[in-house]
2 protein chains.
Amino acid sequence: MKRLVNDGYEVVEELLEGFTKANSDYVELLEHDKRVVVSKKRGDKSKVGIIIGGGSGHEPLFINYVGENFADASVVGNVNTSPSPEPCYNAVKAVDTGKGCLYMYGNYAGDVMNFDMGAEMAADEGIQVETVTITDDVYSSENIEDRRGVAGDIFVFKAAAAAAAKGLELPEVKAAAEKANAATRSMGVALSSCTLPATGKNIFEMEEGDMEIGMGIHGEPGVRRDKIRPADEVVDELLGYILEDHSLDSGDETYVLVNGLGGLPLMDQYIVYRRVEQVLSEKGIKVYKNLVGNYATSMDMVGMSITLVKLDDELKELLDYPTDIPNIKF
Amino acid sequence: MKRLVNDGYEVVEELLEGFTKANSDYVELLEHDKRVVVSKKRGDKSKVGIIIGGGSGHEPLFINYVGENFADASVVGNVNTSPSPEPCYNAVKAVDTGKGCLYMYGNYAGDVMNFDMGAEMAADEGIQVETVTITDDVYSSENIEDRRGVAGDIFVFKAAAAAAAKGLELPEVKAAAEKANAATRSMGVALSSCTLPATGKNIFEMEEGDMEIGMGIHGEPGVRRDKIRPADEVVDELLGYILEDHSLDSGDETYVLVNGLGGLPLMDQYIVYRRVEQVLSEKGIKVYKNLVGNYATSMDMVGMSITLVKLDDELKELLDYPTDIPNIKF
């Protein structure tokens, strides 16, 4: 496999060791639970605790989104695997200041089960934990509440984190996350599998030169396979699905994310952005802000996703809130 | 090929269109020369013009390093090809405020020839242009002045840009770049070729499972090929070359860059950083700051490089200077 790791079963521990060493001004691991990354930028103010997390292998998601006016803690699972209930609970214990905590993560069955158990353990001690599961991947189900969370996660995290930083209470912070989630739609394309570090194997097989429209970040099946098409055709198809599902109309404003899945050059991502902007412009949809780069990956997967957030004044204010997180300008 | 492009011969135009649309608050293309990216953050102050550039295919290098207190212009060549003399000259005309300009780029024969011609054209009009070619790749030659520039470019750019932003004159700005260049050493490893978008072909052949220590970012031959080794062994070997060449001793402070070449997961980059920090710590060398991520790529090449900058108070001040550039926190 074309990876630079040591023992493939130790990648998460070594990743966290490197990440926390590289960002020791920002984060640390809990002394008694090395699967919880905690912000050192929480300050003394009492506020709603923002806790995110999920499986590893999506870096910079979830660990780099811990910091000032962003998540207070990230709970870390093995590669493509939900974290266990204990670190979900330990994260609450570490960051709760008496105002309760909000869990946010992509909507996957394992994560739901384990975070829910963490919330129950916290409830037994009288700490209130609310949950918003993120459901931005439009193709993953017809029912919105059953959809998976992908790169759009970062907008939901930021909106809720900003609400918490402003001193809002748990119900309002949860409402901000729900509002951001309802406004966010994503869809991606994979041109390759990622490589599992423990086995050196792909998580699925794909013929050289093929692509799969709508594939999930763990290799969940998409709409269809085809030969790799020109970038503009791929963008048009993805945007077609997103805009059909989304209520974005002429005159609306949107925050655009073109997200690299790990192995796609930034050159290609800007070529993709070019087309996204063209199509939106033709439809009279204004790009308020954008991000182009690797914000939520599937390790070395070659591919990208497009996320559109429908904005109003409240979401703009929340998504413009100043933050300070490791290596990412957002 | 596993790329998302349209016409492979139009990638640079489409990249620049996407990049400038995505960052229209920061940059624009010159109206009369679409291969010159110019900062919109230059302000009205008279200052030394900072001009960087080189071939495309290294994004975010060079285009994302244009912005406030960073480069005033970037001159853009075709993929892995030096820019022509005219845009080098046009960049000077666009950003000179009467204090002269500094060219900075990686030390490659084509770039030297064409930027020198641009400087001569400017000299004919009475505009002074000085040049610092960057030579951080330790393995590329025994003679430092013959070495190539790789990811260490970004430290040289930043040091000179900060000196210019502080209002220093051209000789002092050039001296800052020379000082940063002399303090910077890099070395990389490739686990794959990149893919040329025009032909869909690799720039060199590499057996699956092989790596090449010391390879350049355009596929220039390195020290040796071997089967891919554990990350820690690779780091130890690269650091061995760097530290043998560098004058870093116990008690010194360094700025560390672990740079992904495009296709290597961020997970692996943090695992690499972990080992870099361990080795430096054992030697009593203190990490002052660090960057981990894709700062200078070779499109989809799987690989990484390590850069160490030996710091003193002057370089720390220059490298800590606040900047505002597209998508990069530096």
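Quick note on labels: first sequence line is chain A, next is B, and so on, each numbered from 1.
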Rounded distance (nearest 0.5 Å) linking atom [atom1] of [X] with atom [atom2] of [Y]:
X: A:F19; Y: B:I271; atom1: CZ; atom2: CD1; value: 13.5 Å
X: A:L266; Y: B:L15; atom1: CG; atom2: CG; value: 7.5 Å
X: B:L16; Y: A:Y270; atom1: CG; atom2: OH; value: 11.0 Å

Examine whether an atom of B:M304 lies under 4.5 Å from a heavy atom of chain A, and if so say whether it belongs to the side chain, the backbone or both; otherwise answer neither. side chain
Taking side chain as everything from C-beta outward and backbone as N, CA, C, O, which of these in B:R275 sits under 4.5 Å from a heavy atom of chain A? Side chain, backbone, both or neither. neither
Can you name the nearest heavy-atom pair linking [X] to [Y], along with the distance?
X: A:K329; Y: B:Y26; value: NZ-OH, 3.4 Å
X: A:R229; Y: B:L4; value: O-CD2, 4.1 Å
X: A:M267; Y: B:V79; value: CE-CG2, 3.8 Å

Is A:K2 salt-bridged to B:E208, going by a charged N under 4.0 Å from an acidic O? yes
Spell out, as yes or no, whether a donor-acceptor pair under 3.5 Å connects the side chain of B:D268 to the backbone of A:R3. no
Would you check if the side chain of B:D300 reaches a backbone N or O of A:P265 as a donor-acceptor pair within less than 3.5 Å? no
Ranked by heavy-atom pairs below 4.5 Å to chain A, first place among B:E13, B:Q278, B:M211 goes to B:Q278
Give the intermediate values and the outcome of side-chain hydrogen bond (donor to acceptor under 3.5 Å, both in side chains) for residues B:N327 and A:Y295. CA-CA 11 Å; B:N327 288 121; A:Y295 292 87; 3.1 Å; yes
